[in-house]
Amino acid sequence: RNDLVRKTIKCQEPVLNAQRAMLSILAQRAHNTDLSLDIKKALFKSWLMSTKTSRKSGNIQRSYTFLLEMNKIRDSLCLTFGDSTHESTVSSLTDLQNSQAILETAKIEWNKSKIGAIQYLKNQIEQNYQSSVNYCFQRAVTNLNENFSAEELLEIKNSMSYGSSSIPSYQSSSATTTGSDVSIRDQTADEAFARLQLLYAKYCDQNGLLNQNNL
């Protein structure tokens with residue numbers, strides 16, 4: 001039904017509102033943990049669709065309201081482990097679903113503050129996709145080894161460094177964070193990272209901030 005409805009607020013929102021109402025009733029009656037989790041994921045997807053459709057229609061204020069509801073559901077699907085010095089947050093959503101939420105947040109923020117949107121994307125990449133950053137850097141360095149000295153490679157590495165060990169990690173429960181062999185990696189995490197990095201580079205370019213690191 002959602003695929004058949006035109007992607008406009010006027011056509012889509014009544015259907016999504018009805019679906020959310022039914023899902024909310026089901027959530028109140030759900031005693032099974034897995035069922036409750038599935039309902040939350042469905043609600044997240046519904047709010048995400050509303051946010052995206054509203055933003056594309058130019059109704060930024062309404063899309064921001066939908067965004068807040070989406071992030072409430074997203075936060076409820078996270079579990080945090082560790083202490084204040086080093087905590088790790090694991091989400092029940094996939095990496096691609098999380099990246100979609102981050103992308104929508106950044107696109108809405110762009111309409112309010114261009115620098116704010118750029119900083120938000122940078123923080124999300126550093127916090128959530130450090131494994132993908134490291135993997136992509138390792139692959140790039142492997143291809144550069146024949147053309148650069150060890151000192152030059154170290155200089156390149158320092159110029160491209162992201163984040164620090166003190167930043168908490170945030171990943172989906174299916175993400176692979178160890179190993180550099182592409183055959184054992186969860187490539188959806190790398191795809192999500194690529195989408196975020198592409199928008200980050202685009203915003204930096206549009207704001208005159210596209211340096212070597214951002215590129």
Side-chain angles (χ1 to χ4, degrees), residues 1-30 33 35-80 87 89-129 168 170-173 188 191-193 195-204 206-207:
R1 185 177 290 111
N2 289 337
D3 292 336
L4 294 174
V5 174
R6 289 182 61 189
K7 298 299 187 289
T8 64
I9 287 291
K10 183 178 180 180
C11 298
Q12 192 178 55
E13 204 54 34
V15 176
L16 293 175
N17 280 333
Q19 290 175 352
R20 286 193 289 263
M22 289 185 287
L23 286 169
S24 296
I25 294 173
L26 284 173
Q28 294 173 3
R29 300 179 178 180
T33 303
L35 176 60
S36 179
L37 190 64
D38 289 340
I39 292 172
K40 286 184 178 181
K41 289 180 179 179
L43 282 168
F44 167 82
K45 183 179 180 180
S46 177
W47 285 117
L48 177 63
M49 291 175 64
S50 291
T51 303
K52 188 173 184 178
T53 303
S54 184
R55 175 184 57 78
K56 287 188 172 183
S57 71
N59 195 332
I60 301 303
Q61 187 58 46
R62 192 172 187 180
S63 65
Y64 184 72
T65 301
F66 293 148
L67 180 70
L68 292 176
E69 294 296 332
M70 179 195 70
N71 282 328
K72 285 181 184 178
I73 301 297
R74 183 176 174 230
D75 291 342
S76 71
L77 288 166
C78 295
L79 294 175
T80 302
E87 64 180 25
T89 303
V90 178
S91 174
S92 299
L93 298 171
T94 66
D95 284 294
L96 288 179
Q97 287 173 324
N98 272 316
S99 70
Q100 288 176 325
I102 295 170
L103 286 170
E104 282 305 312
T105 303
K107 289 175 181 178
I108 292 172
E109 180 65 26
W110 180 256
N111 290 277
K112 298 168 56 181
S113 168
K114 291 179 171 53
I115 296 298
I118 291 171
Q119 189 60 46
Y120 171 76
L121 281 170
K122 182 176 185 294
N123 291 341
Q124 290 298 313
I125 291 169
E126 289 178 352
Q127 293 177 16
N128 305 338
Y129 296 95
Y170 179 90
Q171 57 198 14
S172 78
S173 56
T188 59
E191 181 180 346
F193 160 70
R195 292 184 181 188
L196 296 177
Q197 187 66 44
L198 181 60
L199 185 64
Y200 175 61
K202 177 183 176 181
Y203 281 176
C204 286
Q206 292 179 1
N207 216 41

For a 4.5 angstrom cut-off between non-hydrogen side-chain atoms, does [X] reach [Y]?
| X | Y | value |
| --- | --- | --- |
| Tyr64 | Lys112 | yes |
| Tyr203 | Gln206 | yes |
| Phe44 | Lys40 | no |
| Thr51 | Ile108 | yes |

Atom [atom1] in [X], atom [atom2] in [Y]: separation rounded to 0.5 Å?
| X | Y | atom1 | atom2 | value |
| --- | --- | --- | --- | --- |
| Leu68 | Thr65 | CG | OG1 | 6.5 Å |
| Lys45 | Met49 | NZ | CE | 7.0 Å |
| Leu48 | Leu43 | CG | CG | 12.5 Å |
| Leu121 | Lys202 | CG | NZ | 11.5 Å |
| Met70 | Ser63 | CE | OG | 10.0 Å |
| Leu37 | Leu77 | CG | CG | 6.0 Å |

Can you say whether the rings of Tyr129 and Phe193 are parallel (under 30°), tilted (30 to 60°) or perpendicular (over 60°)? tilted

Minimum heavy-atom separation for Ala106 and Leu199, please, with both atom names. CB-CD2, 4.2 Å

How far apart are the C-alpha atoms of Thr94 and Thr188, what are their side-chain angles, what is the distance that settles it, and do they pass the side chain to side chain contact (heavy atoms under 4.5 Å, CB included) test? CA-CA 8 Å; Thr94 66; Thr188 59; 5.9 Å; no

Can you tell me which residue among Gln97, Arg74, Lys107, Arg195 is in a side chain to side chain contact (heavy atoms under 4.5 Å, CB included) with Ile102? Arg74

Can you confirm whether the side chains of Gln19 and Ser46 place a donor and an acceptor under 3.5 Å from each other? no

Asn128 side chain to Gln124 side chain, donor-acceptor N/O pair below 3.5 angstrom: yes

Output yes when Arg20 and Glu13 qualify as a salt bridge under the 4.0 Å nitrogen-oxygen rule, no when they do not. yes

Taking the side chain from [X] and the backbone from [Y], do they hold a donor-acceptor pair closer than 3.5 Å?
| X | Y | value |
| --- | --- | --- |
| Ser76 | Ile73 | yes |
| Ser54 | Asn59 | yes |
| Ser50 | Trp47 | no |

Salt bridge (charged side-chain N to carboxylate O under 4.0 Å, His left out) involving Lys114 - partner list, sequence neighbours excluded: none

